[in-house]
Amino acid sequence: MSRVIRVGGAQLGPIQKADSRKLAVDRMIVLLDKAKDQGCELVVFPELALTTFFPRWNMDDQSEIDSYFETEMPNEACQPLFDRAREHGIGFSFGYAEITEENGERHHYNTSILVDKAGNIVGTYRKTHLPGHGVFDPERAFQHLEKKYFEVGNTGFRVWRYMDGIFGMCICNDRRWPETYRVMGLQGVEMVLLGFNTPTANSQRSCEAEDLRVFHNDLSVQSGAYQNGTWVVAIAKAGNEDGHELLGDSTIVHPSGQVVARTTTLDDELIVADCDLDECNFFKETIFDFDRHRRIEHYGLISQQTGVVRPD
Ligand code: CDV
């Protein structure tokens, strides 16, 4: 039985602060329709796909902060996306800011979901590696307040049996951490879906070139793919949001680590690739056959400490 899935990577161009959820969802539906025309079975949208990348703004009013979050999913604004995808028979994944109630307490997460072809949410992932800072930082060229607005996700890096394969999710900064992919790799992941919002500039290092930031994006997703023998679909929100530039360079990466599709604009753009999940097997059975080659007796520090401890 063939396990080739035609995947659409649906990069979104900028979403301005003043833009409505409806506008974002309408744009996502246009991309979904294009994906249908091109025969895609699965479409991947970016992190925080429904709003501007609001952690760049310092806010203290909780109701203003909460206005960027969704309290249910699907909600009224997103229902048309779920409906259209179901009509097309397309599964999809996208990121949004989530408020959820657990044990009578409200929690704020940076979340992505996996939706099947019938419109059912079959997986939820909450971002683990929150970048940036928790209080306003006047030294930075611009803010990145994810640690202020979100809690560390409580899902861990799960995988799901989905479309004849094993799928996982992570979000933006997670892609820079080898642990992200390895935890999913150890569960046999065959395709990692991820969205990102990455500024073209480093707020703490003005000399850092955009080229280098593209290189680090590629390096992270290509090495994660190769070292775990998995497809990675890494999709950006791109372009100029209220004067703040975000990288494009969304990619679909083969388990060899090679890029098979890449966006060329900073706008709404669909990239498509036929992803054969069986092409993971060679890597998983040879150079990265974990069972034969991993040496866990030497990896203890990875889960015992967070920071660096240098010798005396
Ligand atoms: N949204 C993000 O997680 N962005 C980070 C930036 C801050 C470096 C990223 O890893 O791209």
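Counting starts at 1 for both ligands and their atoms, following the listed order. Here the structure is a predicted model, which means the values were calculated and not measured.
Not one N or O on the side chain of Q11 forms a donor-acceptor pair closer than 3.5 Å with the backbone of A236. Between the side chain of K284 and the backbone N or O of V189, at least one donor-acceptor pair lies under 3.5 Å.
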- [ ] Decide ring-ring contact (aromatic ring centres under 6.0 Å, His included) for W57 and H144; before the verdict, give the C-alpha distance in whole Å, the side-chain angles of both, and the deciding distance to 0.1 Å.
- [x] CA-CA 8 Å; W57 306 111; H144 195 108; over 10 Å; no

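Put simply, the residue from Y181, W177, Y125, F167 that forms a ring-ring contact (aromatic ring centres under 6.0 Å, His included) with F157 is Y125.
Taking every heavy atom of T198 and a limit of under 4.0 angstrom, the matching atoms of ligand 1 come to 9 (C), 11 (O). Residue-ligand proximity, N197 to ligand 1, at heavy-atom distances under 4.0 Å covers atoms 1 (N), 2 (C), 4 (N). Counting the atoms of ligand 1 from 1 in the order shown, those under 4.0 Å from a heavy atom of R175 are 9 (C), 10 (O), 11 (O). Each of the atoms 1 (N) of ligand 1 lies under 4.0 Å from some heavy atom of E47. Of all the atoms in ligand 1, the ones that sit under 4.0 Å from a non-hydrogen atom of F53 are 1 (N).
The protein heavy atom nearest to atom 7 (C) of ligand 1 is H144 CE1, 3.1 Å. Scanning all protein heavy atoms for the shortest distance to atom 5 (C) of ligand 1 gives C172 SG, 3.8 Å. The shortest contact between atom 3 (O) of ligand 1 and any protein heavy atom is with K127 NZ, 2.8 Å. Residue, atom and distance of the protein heavy atom nearest to atom 10 (O) of ligand 1 are R176 NE, 2.6 Å.
The pair E47-K237 does not count as a salt bridge, with every side-chain nitrogen at least 4.0 angstrom from each carboxylate oxygen. Between D60 and K148, at least one side-chain N (NZ, or NE/NH1/NH2) sits under 4.0 Å from a carboxylate O, which counts as a salt bridge.
Contact annotation: E146 has at least one heavy atom less than 4.0 Å from an atom of ligand 1.
For R27 against G13, the heavy-atom pair with the smallest separation is NH2-O, 3.0 Å.
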